[in-house]
Amino acid sequence: RAGQAANTQEELLARLAVIPLVQEARGLDSGPRLISKLKSMRAHESAEVVRKIVDEEEAHVRVGMRWFSFLCAEQSVDAAETFHQLVLRHFPRGLPPPFAEEARKRAGMQPDFYQPLAAK
């Protein structure tokens with residue numbers, strides 16, 4: 001994260017795209033698998049900690065989406081198209097699926113925002 005944060009320090013839209021909308025959204029994607037794995041190992045306390053982290057990540061993504069959308073509207077640019085451009089600038093291979101579609105929707109991120117970026 002530190003490298004990506006440094007790479008986006010001069011551009012707020014890029015920072016919002018990379019940190020909450022990519023990196024924290026990845027927590028939504030990977031969290032349920034990690035929770036399941038921990039429970040299968042009978043590490044229920046650890047699974048609960050991860051569940052709380054995933055809940056917090058959802059809130060971070062929601063706030064990131066709100067600000068990203070607001071700034072795109074202020075600049076009269078399409079939010080999804082701008083997100084795609086910024087993500088591909090920082091992650092040229094795209095985003096690795098699978099995506100936690102329901103968690104992303106709850107956070108205000110619709111599939112047209114991230115599905116076109118799915119790494120092949």
Side-chain angles (χ1 to χ4, degrees):
R1 272 189 179 176
Q4 293 299 335
N7 291 341
T8 60
Q9 66 186 356
E10 300 297 326
E11 187 179 0
L12 182 55
L13 274 176
R15 173 69 60 96
L16 288 168
V18 168
I19 305 302
L21 303 185
V22 170
Q23 293 181 344
E24 292 183 304
R26 293 307 299 163
L28 301 179
D29 302 334
S30 61
R33 289 188 307 274
L34 179 56
I35 292 167
S36 178
K37 176 107 174 153
L38 290 167
K39 285 181 177 180
S40 75
M41 297 167 51
R42 301 190 196 294
H44 297 288
E45 190 172 312
S46 295
E48 181 60 21
V49 169
V50 173
R51 187 198 60 75
K52 288 178 182 178
I53 291 169
V54 171
D55 289 347
E56 290 175 6
E57 296 289 50
E58 189 174 313
H60 297 164
V61 174
R62 185 178 308 107
V63 170
M65 280 299 300
R66 187 178 311 132
W67 279 108
F68 189 85
S69 298
F70 172 81
L71 291 171
C72 285
E74 287 287 306
Q75 296 176 25
S76 300
V77 296
D78 181 80
E81 185 177 308
T82 302
F83 179 69
H84 298 163
Q85 292 169 357
L86 292 168
V87 168
L88 291 174
R89 182 189 318 158
H90 294 278
F91 303 94
R93 295 183 180 169
L95 303 176
F99 302 110
E101 294 187 13
E102 290 305 313
R104 285 173 176 255
K105 280 183 186 177
R106 285 192 306 271
M109 184 181 277
Q110 298 303 315
D112 66 321
F113 225 73
Y114 57 88
Q115 285 290 357
L117 298 167
K120 306 295 182 227

Test side-chain contact (heavy atoms from CB on, under 4.5 Å) applied to [X] - qualifying residues, sequence neighbours left out:
| X | value |
| --- | --- |
| E102 | K105, R106 |
| R89 | E11, L86 |
| K37 | M41 |
| A47 | I35, L38, K39 |

With the side chain counted from C-beta on, respond yes when S46 and V50 share a heavy-atom pair under 4.5 Å apart, and no when they do not. no
Are side-chain heavy atoms of F113 and V87 found at a separation under 4.5 Å? no
Taking atom CD of Q75 as the centre, does the number of heavy atoms from other residues, nucleotides or ligands within less than 6.0 Å exceed 12? yes
Contacts of type side chain to side chain donor-acceptor pair (under 3.5 Å), residue [X], not counting sequence neighbours:
| X | answer |
| --- | --- |
| R51 | E48, D55 |
| E101 | Q115 |
| H60 | E24, E57 |

Measuring from [X]:[atom1] to [Y]:[atom2], what's the distance to the nearest 0.5 Å?
| X | Y | atom1 | atom2 | result |
| --- | --- | --- | --- | --- |
| D112 | H84 | CG | NE2 | 6.5 Å |
| L21 | M65 | CG | CE | 6.0 Å |
| L12 | F68 | CG | CZ | 9.5 Å |

With hydrophobic residues grouped by side-chain heavy-atom distances under 4.5 Å, do Y114 and L88 end up in a single group? yes
Could you list the donor-acceptor pairs under 3.5 angstrom formed between side-chain atoms of residues 26-34 and any protein atom two or more places apart in sequence or on another chain?
residue, atom, partner, partner atom, Å
R26, NH1, D29, OD2, 2.7
R26, NH1, P96, O, 2.6
R26, NH2, P96, O, 2.8
D29, OD1, A100, N, 2.8
D29, OD1, R104, NE, 2.9
D29, OD2, R104, NH2, 2.6
S30, OG, R26, O, 3.0
R33, NH1, D29, O, 3.0

Do you know which two heavy atoms are closest between P111 and P116, and how far apart they sit? O-CD, 3.7 Å
For P97 and A119, which heavy atoms make the closest approach, and how far apart are they? CD-O, 3.8 Å
Each residue besides I53 in its hydrophobic cluster should be listed here, by chain and number; the cluster joins Ile, Leu, Val, Met, Phe, Trp and Tyr at side-chain heavy-atom distances under 4.5 Å. V49
What verdict does the side chain to side chain contact (heavy atoms under 4.5 Å, CB included) test give for F91 and V18, after you've listed the backbone C-alpha separation in whole Å, the side-chain angles of each residue and the deciding distance to 0.1 Å? CA-CA 9 Å; F91 303 94; V18 168; 4.1 Å; yes
What salt bridge (charged side-chain N to carboxylate O under 4.0 Å, His left out) pairs are there with at least one residue in residues 60-87, not counting sequence neighbours? E58-R62
